[in-house]
Chemist: 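Handing you this structure, nothing more for now.
First listed ligand is number 1; within each ligand, the first listed atom is number 1. The residues of the chain are indexed from 1 along the displayed sequence.
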Amino acid sequence: MSSFEGKVAFITGGGRGMGREIALEFARQGGDVIISDIASDIEAIPYSLASKEDLDETKALVEAEGVRCIACVADVRDQQALDDAVAAGVEAFGRIDVLSANAGVYDWSSSRLWETSDAAWYAQIGVCLEGVWRSAKAVAPQMIKQGRGGSMVFTSSNVGVEGAPCSAPYVAAKHGVIGLMKTAALELGELGIRVNAVLPSTTDTKINDHPAGWRRASGKPDGTRDDYLEAVHQWSILPNTTALPPQATAKAIVWLASDSAEYITGVALPVDAGHLTLPGFNPWPIRD
Ligand SMILES: NC(=O)c1ccc[n+]([C@@H]2O[C@H](COP(=O)([O-])OP(=O)(O)OC[C@H]3O[C@@H](n4cnc5c(N)ncnc54)[C@H](O)[C@@H]3O)[C@@H](O)[C@H]2O)c1
């Protein structure tokens, strides 16, 4: 693995989960880190998002690795807040080499598309798709100013390339992220800036780890955390693999952003223990 010493990474959704692990991976390789997070809840999303305390905890953990970190409260749907976070990062560290557009929300309790509320639609499209565009928009001018060598990694999902019932806004957003990534790779490639996406499968973070998530993953009306973890075994082809650790995707993102991947751009990389190679199944088979 190449070192990120002298380089700076900006990670959205850094308060917890994969965002925290991405920040720590960059820090362990010597990179300074800017983290941002909404640090409050969104009304249409039926589980708690990271708090300001979570964001501060990530900052402390990153600094304990011996690098510098600044933490900003910024909603990825708010261009001014992102621009301010980028400006604060550049003022503190002088540059931004990597964007990890990681922030996301998933309304696990959402209904079929014809019953989906406007609020649920706009929250997920707003955070998961518009938020990636706004994050790239905030960072691109600084990377372009610096010249060749920048790298962006957008977080999509396995459902960026497959359907998932009762998840229309999330699935549409994650498909959109891949189109956005390919377009950004084309637009920024001639400037020597690479853009890729990661497609994680079910990962053991708070986006899933709540009663609605357990019920949904296990297909049981009273599903528990154990039921959820048991059900997810069926989603991978590797032994003893249930919900992935958040480090799995963090390591893939840091590798994609590193010089080891210097000729890789425009790629949608699954981090899924083989999930996407599985044959599909029908969640509602008709037997008569
Ligand atoms: N966990 C999974 O199974 C899984 C699978 C595929 C893709 N993903 C994607 O991975 C990314 C990270 O999710 P996670 O699993 O770590 O979940 P998580 O809920 O633990 O972390 C998401 C983070 O994003 C932050 N966030 C939410 N809305 C925001 C906003 N508007 N502005 C700024 N920050 C915001 C949250 O506060 C939280 O800190 C998301 O894009 C998610 O869609 C997750």
Chemist: Which residue holds the protein heavy atom closest to atom 15 (O) of ligand 1, what is that atom called, and what is the gap in Å?
Modeler: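 Checked against all protein heavy atoms, atom 15 (O) of ligand 1 sits closest to Thr205 OG1, 2.5 Å.
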Chemist: List ligand 1 atoms under 4.0 Å from Ser156, heavy atoms only on the residue side.
Modeler: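 In order of number, 7 (C).
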Chemist: Starting from atom 44 (C) of ligand 1, locate the nearest protein heavy atom and write down its residue, its atom name and how far away it is, to 0.1 Å.
Modeler: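 Sorting protein heavy atoms by distance from atom 44 (C) of ligand 1 puts Met18 CE, 3.4 Å first.
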Chemist: With Pro200 as reference, evaluate Thr249, Leu269, Thr205 under the side-chain contact (heavy atoms from CB on, under 4.5 Å) test and give the passing residue.
Modeler: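 Answer to the side-chain contact (heavy atoms from CB on, under 4.5 Å) test with Pro200 among Thr249, Leu269, Thr205: Thr249.
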Chemist: Against ligand 1, does Thr12 come closer than 4.0 Å with any heavy atom?
Modeler: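 Heavy atoms of Thr12 never come under 4.0 Å of ligand 1.
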Chemist: Check each of Tyr170, Tyr106, Phe154, Tyr47 against atom 42 (C) of ligand 1 and report the one with the nearest heavy atom.
Modeler: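 Of the listed residues, Tyr170 has the closest heavy atom.
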Chemist: Out of Val105, Thr155, Asn102, indicate the one that has the non-hydrogen atom closest to atom 40 (C) of ligand 1.
Modeler: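 It is Asn102 that holds the nearest heavy atom.
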Chemist: In ligand 1, which numbered atoms sit nearer than 4.0 Å to a non-hydrogen atom of Gly104?
Modeler: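 Answer for ligand 1: 22 (C), 24 (O), 27 (C), 40 (C), 41 (O).
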Chemist: Could Arg77 and Glu130 be called an ion pair, given the rule that one side-chain N must be under 4.0 Å from one carboxylate O?
Modeler: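 Salt bridge flag = no for Glu130 with Arg77.
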Chemist: Crowded around Glu115 CD? As in, over 12 foreign heavy atoms under 6.0 Å?
Modeler: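 Yes, the 6.0 Å shell around CD holds more than 12 heavy atoms from other groups.
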Chemist: Compute the minimum heavy-atom distance from Gly14 to ligand 1 and say whether it is under 4.0 Å.
Modeler: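 No.
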Chemist: Please name the residue in the list Glu187, Met143, Arg148 that meets the side-chain contact (heavy atoms from CB on, under 4.5 Å) test with Ile193.
Modeler: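 Between Ile193 and the candidates, side-chain contact (heavy atoms from CB on, under 4.5 Å) is satisfied uniquely by Met143.
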Chemist: Could you tell me whether Asp32 and Arg68 make a salt bridge, using a distance below 4.0 angstrom between a side-chain N and a carboxylate O?
Modeler: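 A salt bridge is present here (some side-chain N lies under 4.0 Å from a carboxylate O).
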Chemist: Heavy atoms only: which of Val73, Asp204, Thr203 is nearest to atom 3 (O) of ligand 1?
Modeler: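 Result: the heavy atom closest to atom 3 (O) of ligand 1 is in Thr203.
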Chemist: Could you tell me whether Arg20 and Asp37 make a salt bridge, using a distance below 4.0 angstrom between a side-chain N and a carboxylate O?
Modeler: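 Looking at Arg20 and Asp37, the cut-off is not met.
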